[in-house]
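Input: a single structure, listed below in structure tokens.
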2 protein chains.
Amino acid sequence: MTVPSGRRERKKAATRQKIADTAMRLFLEHGYDAVGIREVAAEADVAVTTLFSHFASKEALVFEQDEDFEQRLTQAVTGRAPNQPLIPALRREIQALVRHCTAEDAAPVWRMIDESPALRKYEESMRLRHAETLAAAIAADSELSQTATASRTIARFVIDAYSLAREAADPDAAVDEIFRMIEAAWEAT
Amino acid sequence: MTVPSGRRERKKAATRQKIADTAMRLFLEHGYDAVGIREVAAEADVAVTTLFSHFASKEALVFEQDEDFEQRLTQAVTGRAPNQPLIPALRREIQALVRHCTAEDAAPVWRMIDESPALRKYEESMRLRHAETLAAAIAADSELSQTATASRTIARFVIDAYSLAREAADPDAAVDEIFRMIEAAWEAT
DNA sequence: GACCGTAGCACTAACGGTTAGCTTTTTGAA
DNA sequence: TTCAAAAAGCTAACCGTTAGTGCTACGGTC
């Protein structure tokens with residue numbers, strides 16, 4: 001028992017990474033819909049069942065590291081200095097995340113996502129999960145005193161900001177504009 | 001050509017309705033996931049392909065009349081009296097919609113939806129569609145002068161209000177609380 | 001009333017994502 | 001070396017969905 005040390009974990013992580021990399025390469029090369037799970041598994045030289053033991057679904061192959069997203073947002077709430085206001089902290093984080101995914105080299109991936117209904121759906125429910133996590137972090141902040149509904153509402157609005165800004169013509173300006181609205185909403189609680 | 005009047009339309013509508021009713025009955029009886037498409041088709045005495053010619057997907061069987069939703073929201077925007085403010089009009093409509101789907105007799109259906117990941121996903125992307133439609137209606141209103149981003153943002157917030165209030169312990173109070181925030185956000189534009 | 005185009009429906013067979021059941025290999029520890 | 005468990009593998013299926021094809025009944029036209 002104890003903690004499975006070393007090699008086992010590394011090998012598992014390596015297998016996972018190889019699957020993810022292979023999948024991304026094939027998807028970008030031939031299109032998401034044109035590449036089947038069996039094809040990805042064969043190219044990565046693993047069994048289909050192995051692939052699904054590492055990733056819950058085909059879509060999850062594309063959003064490999066979405067836990068970053070969640071962690072960075074909650075970190076922005078729980079990790080800010082005492083007496084620092086909530087909304088600006090979230091604004092900075094969202095700004096950074098939007099910039100990250102509107103960067104040049106991320107463009108092909110997001111184009112692929114936008115073109116596939118399945119991937120869009122998946123991202124939508126991912127966002128809702130993130131909003132719930134963020135809402136929990138906001139609700140748990142002892143410096144703030146707001147109802148459960150207000151926490152969940154602000155969390156949704158913040159996630160909306162990310163989603164809307166990402167698609168806007170001028171993402172930076174959109175973040176500014178939307179966060180002015182969120183700030184007002186927050187002060188109305 | 002012209003408009004195919006009469007019997008043909010009635011028969012088609014009857015078939016559609018029979019499929020929808022049968023599906024709902026089976027879903028509520030045995031659970032959404034436990035009932036297969038082939039089963040629904042057999043019970044409704046139609047071919048599987050016929051079922052899919054009336055409904056785009058299994059989930060669509062549950063959200064049979066979601067176009068109402070979209071129409072009522074855009075109507076609340078475009079059909080309000082001149083010089084009437086936007087947000088209160090939307091608030092009234094959302095209030096009504098929330099009440100409608102938190103009514104006693106709708107409870108089993110919504111419990112079923114909440115329990116099925118597939119149905120939740122479907123509803124989420126439905127909401128996004130509705131938000132886009134609503135955003136277009138707001139942007140088209142000549143009395144209002146707001147950026148495209150502001151329109152889309154307010155539309156999202158309004159749809160969020162519906163979604164959050166529906167799940168809240170006290171839906172009426174939640175609508176009030178969230179719309180106070182939306183009102184503030186709107187005035188900040 | 002006979003005729004024709006088409007809408008609606010049926011049937012089969014398949015495709016692609018996903019899972020269950022079971023066996024084999026690899027790994028860490030005794 | 002030996003053993004238990006984790007990881008990976010294989011087969012075979014399930015389920016939602018679609019393509020291909022043909023039949024039937026309806027609505028409009030002559």
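A search for side-chain contact (heavy atoms from CB on, under 4.5 Å) contacts involving B:A47 returns B:T49, B:T50, not counting sequence neighbours. Every residue meeting the side-chain hydrogen bond (donor to acceptor under 3.5 Å, both in side chains) condition with A:E177, not counting sequence neighbours, appears here in chain and number order: B:T147. Residues that satisfy the side-chain hydrogen bond (donor to acceptor under 3.5 Å, both in side chains) test with B:S163, not counting sequence neighbours, are A:R156. With sequence neighbours left out, the side-chain hydrogen bond (donor to acceptor under 3.5 Å, both in side chains) criterion links B:D33 to no other residue. Applying the ring-ring contact (aromatic ring centres under 6.0 Å, His included) test to B:H54 and every residue at least two apart in sequence or in another chain returns nothing. With sequence neighbours excluded, the residues forming a side-chain hydrogen bond (donor to acceptor under 3.5 Å, both in side chains) with B:E167 are A:R152, listed by chain and number.
Both cation-pi conditions hold for A:K58 and A:Y32: the charged atom is under 6.0 angstrom from the six-membered ring centre and inside a 45 degree cone around its axis.
Rounded to an integer number of Å, the gap from CZ of A:F27 to P of C:dG16 is 13 Å. C:dG8 atom C1' lies 17 Å from atom CZ of B:F52, rounded to whole Å. Rounded to a whole Å, the CZ atom of B:R10 is 19 Å from the P atom of C:dA7. Counting to the nearest Å, the C1' atom of C:dT18 and the CG atom of A:L61 are 13 Å from each other. Summarising the geometry, the separation between CZ on A:F55 and C1' on C:dT19 is reported as 18 Å, rounded to the nearest angstrom. Per the geometry, NZ belonging to B:K58 stands 9 Å off P belonging to D:dC15, to the nearest Å. The separation between B:R16 atom CZ and C:dA7 atom P is 18 Å, rounded to whole Å.
Screening residues 20-31 of chain B for salt bridge (charged side-chain N to carboxylate O under 4.0 Å, His left out), with sequence neighbours left out, gives B:R25-B:E29, B:R25-B:E43. Pairs passing the ring-ring contact (aromatic ring centres under 6.0 Å, His included) check and including a residue from residues 78-109 of chain A, sequence neighbours excluded, do not occur. Residue pairs meeting the ring-ring contact (aromatic ring centres under 6.0 Å, His included) criterion with at least one member in residues 114-145 of chain A, sequence neighbours excluded: A:F63-A:Y122, A:F69-A:H130.
Taking a 4.0 Å limit (strictly below) on heavy-atom distances, residues 30-39 of chain B reaches DNA chain D at B:V35, B:G36, B:I37, B:R38.
For the helix from C:dG1-D:dC30 to C:dA30-D:dT1, the angle separating the two terminal helix axes comes to 10°, with each axis derived from five pairs and the value rounded to 10°.
Checking the phosphate oxygens (OP1, OP2) of C:dG8, no side-chain nitrogen or oxygen of B:H54 falls inside 4.0 Å.
For A:T74 (side chain) and A:Q71 (main-chain N/O), a donor-acceptor pair under 3.5 Å exists by modelled atom type.
Residues B:K11 and B:E59 each lie close to DNA chain D; by heavy-atom proximity, the contact nearer the 5' end of the strand is made by B:E59. Nucleotides of DNA chain C nearest to A:S57 and B:K12 differ in position, and the one nearer the 5' end is that of B:K12.
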Below 3.5 Å between N/O atoms, which protein atoms pair up with nucleotides 10-12 of chain C? Just atom names and distances, please.
unit_1 : atom_1 : unit_2 : atom_2 : d
C:dA10 : OP2    : B:A47  : N      : 2.7
C:dA10 : OP2    : B:T50  : OG1    : 2.5
C:dA10 : N7     : B:T49  : OG1    : 3.4
C:dC11 : N4     : B:T49  : OG1    : 2.8

